[in-house]
Amino acid sequence: MRRMFLLLPLVLGLAGCEVDWQGWAGMKRQPKALPYRENEFFADDRVMRQPPPGTVPRNRRGKEHLFLTGKDGPDGGYVDVIPLTLTLEVLQSGRHSFDIYCAACHGLLGDGASQVARNMGLRTPPSLLDLPPYPNGHYYEVISEGYGLMPAYAEKLSPEQRWAVVAYVRALQASQRARLEEVPPEARPLLQPKEGTP
Ligand code: HEC
């Protein structure tokens with residue numbers, strides 16, 4: 001008997017779903033436009049609308065195609081350029097975005113040393129310092145569209161910011177392999193080990 005009392009609210013609750021208090025059933029039944037149906041609201045009675053004449057898909061903007069996709073043409077492969085004038089500001093902007101959006105997984109140095117990497121069991125974020133020789137367009141695409149378990153960043157970073165991140169990743173890679181002779185002479189003393197340090 002006690003058990004039946006316990007069940008009573010559940011039974012009443014379930015019954016409630018079927019009650020239609022003159023439209024109170026709510027959003028389950030409401031006028032809406034379904035694909036391929038007729039709709040008198042439009043002059044041609046078609047519910048599915050055509051894009052306005054001259055509409056251009058957002059990743060097919062002629063010359064901008066390369067900038068927006070990292071690829072050369074509609075069927076072309078990745079480009080190996082970075083379509084920005086590389087200045088210190090561009091690299092600093094790339095670093096800013098990288099530290100916010102990438103370092104959590106790939107580490108501040110891009111070497112894959114991060115708490116997330118240590119905790120991620122399925123597929124750990126790789127070190128970005130010893131990847132195969134990918135062209136720059138590939139990096140741009142990975143950032144824009146995501147890769148495997150890695151999320152996409154097209155909503156967070158503008159195309160310009162994404163290219164700046166590519167440039168900064170390149171700078172991180174170079175920084176790990178550069179020889180002292182490649183550094184301008186005036187900056188070399190900064191990189192020499194100080195006397196007395198091991
Ligand atoms: C949530 C963690 C996470 C964040 C944040 C993240 N990544 Fe990744 N990234 C991964 C994982 C995991 C992989 C490997 C995915 C796989 O192989 O399935 C990966 C792979 C990559 C690769 C290698 C792709 C290849 O072709 O081998 C690059 C390059 C890369 N990430 C760059 C970035 C950049 C740049 C950012 C910041 C915009 C970023 N990642 C942010 C987790 C992350």
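Just so it is clear, the structure is predicted and the values come from calculations on it, not from any experiment. Just follow the structure's listing: the first ligand is 1, and inside any ligand the first atom is 1.
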Heavy-atom proximity to atom 13 (C) of ligand 1 ranks first, among Ala117, Gly148, Pro126, for Pro126

Hey, which of Lys156, His106, His96 is the one that makes side chain to side chain contact (heavy atoms under 4.5 Å, CB included) with Tyr101?
Lys156

Would you say that Leu128 contacts Leu172 through its side chain, given a criterion of any heavy-atom pair below 4.5 Å between the two side chains?
no

Within ligand 1, which atoms have a heavy atom of His138 less than 4.0 Å away?
25 (C), 26 (O)

Salt bridge present between Arg49 and Asp44 (N-O < 4.0 angstrom):
yes

Do me a favour and list the nearest non-hydrogen protein atom to atom 15 (C) of ligand 1 with residue, atom name and distance?
Tyr147 O, 3.4 Å

Run the numbers for me: atoms of ligand 1, each under 4.0 Å from some heavy atom of Tyr139, listed by number.
29 (C)

Please confirm whether Arg162 makes a cation-pi placement over Tyr153, using NZ or CZ under 6.0 Å from the six-membered ring centre and within 45° of the ring normal.
no

At less than 4.0 angstrom from any non-hydrogen atom of Leu149, what atoms of ligand 1 do you find?
15 (C), 18 (O)

I'd like to check which ligand 1 atoms, numbered from 1 as shown, lie under 4.0 Å from a non-hydrogen atom of Tyr101.
5 (C), 37 (C), 41 (C)

Find out if a path of hydrophobic residues (ILVMFWY) with successive side-chain heavy-atom gaps under 4.5 Å connects Tyr134 to Tyr78.
no

Please could you name the atoms of ligand 1 that Pro125 approaches to less than 4.0 Å, counting only its heavy atoms?
10 (C), 11 (C), 12 (C), 42 (C)

With no hydrogens and no angle check, is any side-chain donor or acceptor of Tyr168 less than 3.5 Å from a backbone partner on Trp163?
no

Please tell me whether Arg95 and Gln92 have a donor and an acceptor in their side chains that are separated by less than 3.5 angstrom.
no

Atoms of ligand 1, numbered as shown, that sit under 4.0 Å from any heavy atom of Ile143:
35 (C), 38 (C)

What protein heavy atom sits nearest atom 5 (C) of ligand 1, and how far off is it?
Tyr153 OH, 2.9 Å

Leu128 near ligand 1 by a heavy-atom separation under 4.0 Å
yes

Ligand 1 to Thr124 polar contact by distance, N or O atoms, under 3.5 Å
no

Can a donor-acceptor pair be found, under 3.5 Å and without considering hydrogens, that links the side chain of Arg188 to the backbone of Leu180?
yes

Between the side chain of Gln176 and the main-chain N/O of Gln173, is any donor-acceptor distance below 3.5 Å?
no

Of all the heavy atoms in Tyr134, does at least one lie under 4.0 Å from an atom in ligand 1?
yes

Taking atom 8 (Fe) of ligand 1 as the vertex, how big is the angle to NE2 in His106 and SD in Met150, rounded to 10°?
170°

Against heavy atoms of Leu131, which atoms of ligand 1 measure under 4.0 Å?
29 (C)

I'd like to know if Lys71 pairs up with Glu141 as an ion pair, taking the criterion as any Lys NZ or Arg NE/NH1/NH2 lying under 4.0 Å from an Asp or Glu carboxylate oxygen.
yes

Close approach of Met120 to ligand 1, heavy atoms, under 4.0 angstrom:
yes

Does at least one non-hydrogen atom of Ala104 fall below 4.0 angstrom from an atom of ligand 1?
no

Among side-chain atoms of Arg170 and Asn136, is any donor-acceptor pair under 3.5 angstrom?
yes

Considering non-hydrogen atoms of the protein only, which is the closest contact for atom 12 (C) of ligand 1, and what is the distance?
Arg123 O, 3.4 Å

Provide, to 0.1 Å, the distance between atom 37 (C) of ligand 1 and the closest protein heavy atom, together with that atom's residue and name.
Cys102 SG, 1.8 Å

Please answer: with hydrophobic residues joined when any side-chain heavy atoms are less than 4.5 Å apart, are Leu84 and Tyr140 in the same cluster?
yes

Side chain, backbone, both or neither: the part of Val116 lying under 4.0 Å from ligand 1 by heavy atom:
neither

Atoms of ligand 1 less than 4.0 Å from Cys105 heavy atoms?
1 (C), 2 (C), 3 (C), 4 (C), 5 (C), 43 (C)

